[in-house]
Structures are given as structure tokens and as C-alpha cells.
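For reference, positions follow the sequence shown, starting with 1. All values below were derived from every heavy atom in this structure, side-chain atoms included, with hydrogens, water molecules and symmetry-related copies excluded.
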Amino acid sequence: QPPPGAMLTNVGVIVEVMRAQQSALASTVRMVKGIPGADSDVERQARAIETSLDDMQSTLQTILDGSTGDTTGLMEDVRRYASSLVEAKSESLQDLIRNTTESQGSLLADRFKK
């Protein structure tokens with residue numbers, strides 16, 4: 001099992017790799033746009049790619065921000081859920097024990113009456 005925080009580290013590494021790939025793609029797009037006499041369709045596609053890269057940058061930052069901020073809330077939700085589940089199971093078990101004890105007590109009392 002990975003140590004605590006390992007997933008957060010992995011998310012950071014993945015985001016950094018994606019940013020490096022994004023930077024390389026942006027450089028390629030700039031080179032293509034700089035080609036003299038480039039087709040208007042090529043330039044339009046290059047602009048579309050640049051827009052996508054900007055959107056991707058925002059998305060990567062959101063992922064990076066969310067990977068550290070949401071885990072505390074998530075863990076708190078898990079703790080509350082586990083606590084409520086344990087409490088419910090405990091009450092159920094107490095009811096079962098109480099009913100079994102009463103039933104066994106009745107049987108024992110009936111035997112002594114005979």
C-alpha cells in the first residue's frame with residue numbers, strides 16, 4: 001500500500017509532465033505559425049491549438065490545486081461516514097444482544113418453572 005501523500009505526489013508529477021508536453025507542443029505551434037506562406041487553414045488550426053493549450057493550462061492548475069485542497073474534506077467525509085456506519089452497526093448489535101438475552105432469559109425462566 002502506498003504511503004500517505006503518495007497519490008498527491010503522483011498527481012504533481014503527472015501535472016508537471018503534462019506541462020512539459022504542453023510547452024513542447026506550444027513551441028511547435030509557434031514554429032508552424034512562423035513559416036512564411038503558411039496556409040490559412042494551418043494558421044487557423046495553430047490558433048485553435050493555442051486556445052486548447054491555454055484551456056489545458058487552466059485545467060492542470062485546477063487539478064493541482066484540487067489534489068491538495070480536497071483531500072482534507074474528503075477524509076473528513078470518510079471519517080464521518082465510517083463513524084455513522086460503526087454507530088449504526090453497534091446499535092444493531094446491541095439490539096441483537098438485548099433480544100437474544102431476553103429470549104434466553106425467558107427460556108431459562110420457563111425451565112425453572114417446570
Side-chain angles (χ1 to χ4, degrees):
Q1 179 167 336
M7 186 61 179
L8 298 179
T9 302
N10 291 342
V11 169
V13 170
I14 291 169
V15 167
E16 288 307 311
V17 167
M18 292 178 77
R19 282 184 174 162
Q21 291 173 339
Q22 180 184 18
S23 177
L25 184 56
S27 295
T28 303
V29 168
R30 281 192 301 276
M31 287 189 319
V32 167
K33 284 177 63 177
I35 296 173
D39 187 4
S40 64
D41 187 46
V42 171
E43 287 183 22
R44 185 178 48 77
Q45 288 178 1
R47 282 192 301 274
I49 291 172
E50 284 178 323
T51 301
S52 295
L53 290 175
D54 290 341
D55 292 344
M56 181 186 266
Q57 180 63 25
S58 174
T59 301
L60 291 175
Q61 189 60 46
T62 301
I63 290 170
L64 197 56
D65 292 345
S67 69
T68 57
D70 288 341
T71 55
T72 303
L74 177 64
M75 289 306 294
E76 198 56 42
D77 289 345
V78 169
R79 283 187 191 114
R80 272 186 295 225
Y81 172 75
S83 176
S84 67
L85 188 63
V86 166
E87 187 175 325
K89 291 293 183 182
S90 174
E91 289 172 5
S92 174
L93 186 58
Q94 287 175 354
D95 288 343
L96 178 65
I97 290 171
R98 187 178 314 112
N99 292 340
T100 303
T101 303
E102 289 172 0
S103 173
Q104 292 297 324
S106 300
L107 288 173
L108 190 58
D110 288 345
R111 284 187 182 174
F112 279 113
K113 286 181 184 177
K114 294 180 182 180

*Write out all pairs satisfying salt bridge (Lys or Arg N to Asp or Glu O under 4.0 Å) with one or both partners inside residues 52-62, taking only residues at least two apart or from two chains.*
none

*asked:* Can you list everything that forms a side-chain hydrogen bond (donor to acceptor under 3.5 Å, both in side chains) with Glu16? Sequence neighbours excluded, please.
replied: Arg19

*With sequence neighbours excluded, what pairs up with Arg30 under the side-chain hydrogen bond (donor to acceptor under 3.5 Å, both in side chains) test?*
Ser27

Distance-only donor-acceptor pairs under 3.5 Å for side chains of residues 82-95, two or more places apart:
residue : atom : partner : partner atom : Å
Ser84   : OG   : Arg80   : O            : 3.4
Ser84   : OG   : Tyr81   : O            : 2.9
Asp95   : OD1  : Arg98   : NH1          : 2.7

_Run the side-chain hydrogen bond (donor to acceptor under 3.5 Å, both in side chains) test against Gln45 and tell me which residues pass, sequence neighbours left out._
Asp41

_Please enumerate all residues that pass side-chain contact (heavy atoms from CB on, under 4.5 Å) together with Gln104, with sequence neighbours excluded._
Thr100, Leu107

_Distance, nearest 0.5 Å, that separates CG of Leu108 from OG1 of Thr101_ = 12.0 Å

*Listed by chain and number, what are the side-chain contact (heavy atoms from CB on, under 4.5 Å) partners of Asn99, not counting sequence neighbours?*
Glu102

*Taking only residues two or more places apart in sequence, or in another chain, which ones meet Glu50 in a side-chain hydrogen bond (donor to acceptor under 3.5 Å, both in side chains)?*
Lys33

*Under the 4.5 Å side-chain heavy-atom rule for ILVMFWY, direct or indirect, which residues accompany Leu53?*
Leu25, Val29, Ile49

